[in-house]
Amino acid sequence: MKYNPQQLEAKWQAAWDKNGLFNVSEDPLREKYYLLEMFPYPSGKIHMGHVRNYTIGDVIARYKRMCGKNVLHPMGWDAFGLPAENAAIENNTHPARWTYDNINAMKAQLKTMGFSYDWDREIATCDPEYYRWEQLVFLKMYEKGLAYKKRTHVNWCEKCQSVLANEQVENGCCWRHTQEEVSIREMDSWFLKITDYAEELLEYCGKLSGWPESVTAMQKNWIGKSRGTIIRFPVADSKEVIEVFTTRPDTLFGATFMCLAPEHPMIKGLIKGGSMEAQVMDFIDRTLKIDSYMRTADFTVKEGIYTGVDCINPVTDERIPIYVANFVLIEYGTGAIMSVPTHDQRDFEFAKKYGLKLRVVIQPEDRPLKEEDMQEAYEVPGILVNSGRFNGQGNIDAQDNITEYLQSQGKGYKTVKFRIRDWGISRQRYWGAPIPIVYCDKCGTVPVPADDLPVVLPLDLDMLPNGGSPLPVTQSFYETTCPKCRGKARRETDTMDTFVESSWYFTRYACPDYNKGPLDQKRVDYWMPVDQYIGGIEHAILHLLYARFFTRVMNDLGHVKVREPFTNLLTQGMVCKETQECPTHGYLFPKEVKEGRCIKCQAEVITGNTLKMSKSKKNVIDPQELIDQYGADTVRMFCLFAAPPEKGLEWSDQGVEGVFRFLNRVWRVVVDHLADITGVSPYDGAKPLEGMARDLHRKTHQTIKRVTNDIDTRFHFNTAIAAVMELVNEIMQLVISEDPKDNTSWAVIREAVEAAIVLLSPVSPHITEELWRMLGHQQHLIEVPWPVYREEALIEENILVVLQVNGKVRSKIEVPASYDEKQIEEFALKDQRVVTFVGGKQVKKVIVVKKKLVNVVV
RNA sequence: GCCUGGGUGGCGGAACUGGUAGACGCAAGGGACUUAAAAUCCCUCGGAGCUUAGUCUCUGUACGGGUUCGAUUCCCGUCUCAGGCACCA
């Protein structure tokens, strides 16, 4: 009987489905385990990245289930988003139609992979029954001031025809359109007040012990807390005061000029009627025309202009000039800085360029520092000089002392600044959740009453050919009555960033059918938090930070008990493959290459770098084709075997072959000896064993131990699979080379075969299920308890001891395991090769490591 | 520049707390079976050396040092790759 994966996989998937094998409910008597993979955007087809992500998750889900946990393992769809609108225009269809067709297609594909999802909990975020609760949460946030609208400078992507959040801008470009530079526009926009939670989000980064440090480090970086001091500089000959933010108050006595951001609101007033008014305005106009990416690029030359106005250094009482400078950022600190050219490299360069004064206020301990000799700023610790009463203090101590002094004089105060800014969620898009707000000429901004929710996204309208949102031109949508005065009013036509949906979907999985509120507290409290979350590293900041923020909001609103959503996080690496390029036809799909040549022109194909699989580079493998050829079990196993999950996975067609060969070996070892194996019960440890049977029995239990350890504590599925491969190799050896005739040997073989099947079942669930039934079992494998190794089976009568002389391996001996250290040492010193290498020299020292090694030092 | 994480055979990767470096797999080479091929099975496989071809010797985990009886593993320095942040005052 031949291994026919397609046929038996379909059979078992149907059986699991029919029995509702993966559907779960709350059971207070059992320990819960919530395993979650990041839900996909329904683009139409699953790709290798999905397959890897979901396979890793499925192995853990099945493993935990076999260990007796009540496992929640749901799946759903991040269903709003721009591609649906573009596709709708292109194919003359509707985003909803396109989205739901894609969901159906992808769901069918996921089912052919045999993943153990509870499909009864499926969520699509574009369903009004989902986003109505999101709208409700938005209204509650609005009430508490956590959602607000303001006119401000925002990031605009021309391709998206929409505003983007700061987190969605990468290297000055849109995160979805990496070639599209983001421009700055001034617009009305809705924001969520993530900055209220900045301190806590940062603090908990240090407590997320189940997260990779790289991710928490990135988040810390993004939140960007810095402690510093606000210092008030009076404007000379005026009552005005300019506040600056600095992290280096210790250098205050060396501040010899000030710089303002071009957008600083006080500039116009300061220069009005002054000698420099026209020139300064011209400079500001020129600077602001340059887009923000170019303006802040590191190669942009530092430039500034004197305003003609001075201010007073509050500790030296000296008049210092005020400049406007292109490198000062309005959004950080106060948009004004005090400049200390002697101890800050940027200020040093600026001062040299414009001939400004230098004053050393920190002296190194080993050499004198003089202003006229300086080639660069002195930025490391030292002792304060030229700093009045603070002279002689170490500069680190002086930071607090000077701040306290300023505070006592009313000239400044200690403060904390964050880099993170509020989350801009307005999108000028159609295919998203409507923001439940109404604008009334009389009453102003009015929230939609909770009873009127959901504000349903209308489906009966046509897309605009230019790609813009049809909502602002759809009268039936935007025309409404004011909930307060019943007069004519206009609906908000912006929709929410799709990251809002993904910020709470994981809680909704606990109660997807609940219709009295966003969350059914009882069920959510049972399942939350997510015990293990798995997804791509690309969401290190975006989704994972938003979700942590949103969970805190939901907690403050009383919807969930937890404050952190994800206890453990696994970020899997990308799936990569080398690119192939034809000199005339550009990048080629693997199919377009035959024997190293382009099938269109026969030119020799250039093999390029190994890069993340992407359609644009055409270095993609369609998982469906692999499933059709080898079956899901092979595809799943290869994804796990080729590399540990957090590392990149390099695609290898031969590697897939190899895994397929292995599964065939497992198949044959059972099928070819079915009568012999089923003729006995698995070895139970009662009868003493010897020879190869004893070795195999030991190997079986060693393998159980290794695999359990690899999966449970390390998620190193590659070594777990390797361990089972070793076991299968040993089974084959006994079956083929020894050709056993006795029942005891077959009983040991049966024990080993069953262990191999059960241990492999989370990885390749179909073939193992089939073999398990062949052996006469009735249960589904997922209902079989995870095997436990027997300690006594691991005991070895002889152990191998490595003998070293001066740290070099010279011999290996087998000694009875019962030997103590003294006996082993005696044995080692008598070993012929050890004697040779000692060569009659004086033995200085003998190190004995129990059951492992002896090192003789001469 | 700063913050993470890496660098081990021809390749993907093992080596868990410092104790035999290279598990497992791929590729390659040789052999068995076969009229032949496929499939399958067996053997070899880091490098160099050899008057004893071995249970041999030397060498080898990016590079240079150190600690240790012993270092892929710990410490210091350097190079390099990947990801993130970056004129943040």
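Every chain is numbered from 1 and lettered A, B, ... according to where its sequence line falls, protein lines coming before strand lines.
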Return the pairing partner of [N] with a 3.5 Å limit on both distances, Watson-Crick or G-U wobble; otherwise return none.
N	answer
B:G10	B:C26
B:C74	B:G66
B:C45	none
B:A32	B:U40
B:C2	B:G84

Mind calculating the distance between [atom1] ([X]) and [atom2] ([N]) to the nearest angstrom?
X	N	atom1	atom2	answer
A:F837	B:C69	CZ	C1'	17 Å
A:E646	B:G13	CD	P	11 Å
A:Q804	B:U55	CD	P	20 Å
A:E657	B:A38	CD	P	13 Å
A:M732	B:C41	CE	C1'	9 Å
A:E379	B:A89	CD	C1'	11 Å
A:E814	B:U20	CD	P	17 Å
A:M637	B:C26	CE	C1'	15 Å

How is [X] classified with respect to the nucleic acid when contacts are heavy atoms under 4.0 Å: base, sugar-phosphate, or nothing?
X	result
A:T247	sugar-phosphate
A:K417	nothing
A:N664	nothing
A:G658	sugar-phosphate
A:L800	base
A:G648	sugar-phosphate
A:V849	base
A:K812	base
A:F662	nothing

Which value, in whole Å, describes the distance between the [atom1] atoms of nucleotides [N] and [M]?
N	M	atom1	value
B:U34	B:U44	C1'	24 Å
B:G46	B:A21	C1'	10 Å
B:A15	B:A86	C1'	39 Å
B:G66	B:G83	C1'	31 Å
B:G19	B:A71	C1'	10 Å
B:G29	B:C81	P	34 Å
B:U20	B:A27	P	30 Å
B:G9	B:A62	P	8 Å

Item to check | B:G70: syn or anti, per glycosidic angle within 90° of 0 | outcome: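 Classified anti.
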Among [options], find the nucleotide with the atom closest to the side chain of [X].
X	options	answer
A:R346	B:C24, B:A89, B:G5	B:A89
A:N855	B:A89, B:G70, B:C24	B:G70
A:R833	B:G19, B:C88, B:C56	B:C56
A:Q654	B:G25, B:A27, B:U20	B:A27
A:I541	B:G13, B:G19, B:G84	B:G84
A:P644	B:G13, B:G25, B:A23	B:G13
A:V802	B:C88, B:U20, B:A15	B:U20
A:M218	B:G19, B:G83, B:C24	B:G83
A:R714	B:C16, B:U40, B:C24	B:C16
A:S214	B:C87, B:U4, B:C24	B:U4

Q | Pairwise 5' ranking along RNA chain B for A:A643 and A:N729, keeping only the more 5' one | A |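 Closer to the 5' end of RNA chain B: A:A643.
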For A:D344 and for A:T719, locate the closest nucleotide of RNA chain B by heavy-atom distance; then report the residue assigned to the nucleotide nearer the 5' terminus.
->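 Its nucleotide being nearer the 5' end, the pick is A:T719.
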Taking NZ, NE, NH1 and NH2 as the nitrogens, is one of them in [X] or [Y] under 4.0 Å from a carboxylate oxygen of the other?
X	Y	answer
A:R346	A:D344	yes
A:E821	A:K850	no
A:E726	A:K699	yes
A:R248	A:D250	yes

Distance below 4.0 Å between [X] side-chain N/O and [N] OP1 or OP2:
X	N	result
A:K851	B:G19	no
A:R810	B:C58	yes
A:K852	B:G19	no
A:R419	B:C2	no
A:N221	B:C88	no
A:N709	B:C16	no
A:R665	B:G25	no
A:R661	B:C26	yes

Within 45 degrees of the axis of the six-membered ring of A:Y204 and under 6.0 Å from its centre: does A:K207 put its NZ or CZ there?
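Judged by the rule, A:K207 and A:Y204 form a cation-pi pair.
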Quick one: is the NZ or CZ of A:K352 closer than 6.0 Å to the six-membered ring centre of A:F350, and within 45° of its axis?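 Verdict for A:F350: no cation-pi partner in A:K352.
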Going by atom types only, do A:N709 and A:T713 share a side-chain donor-acceptor pair under 3.5 Å?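 A donor-acceptor contact under 3.5 Å links the two side chains.
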- A:D422 and A:T195 side chains, donor-acceptor separation under 3.5 Å: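 Present: a donor and an acceptor within the cut-off.
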**Q.** Base of B:C87 paired with side chain of A:K302 (donor-acceptor, under 3.5 Å)
**A.**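 Result: at least one qualifying N/O pair found.
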Against A:V215, only a single residue in A:L544, A:L208, A:I541 fulfils side chain to side chain contact (heavy atoms under 4.5 Å, CB included); can you say which?
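For A:V215, the side chain to side chain contact (heavy atoms under 4.5 Å, CB included) test succeeds with only one of A:L544, A:L208, A:I541, which is A:L544.
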Item to check | Closest contact, heavy atoms only, A:Y323 versus A:G304 | outcome: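 What the structure gives for the nearest pair is CD2-C, 4.2 Å.
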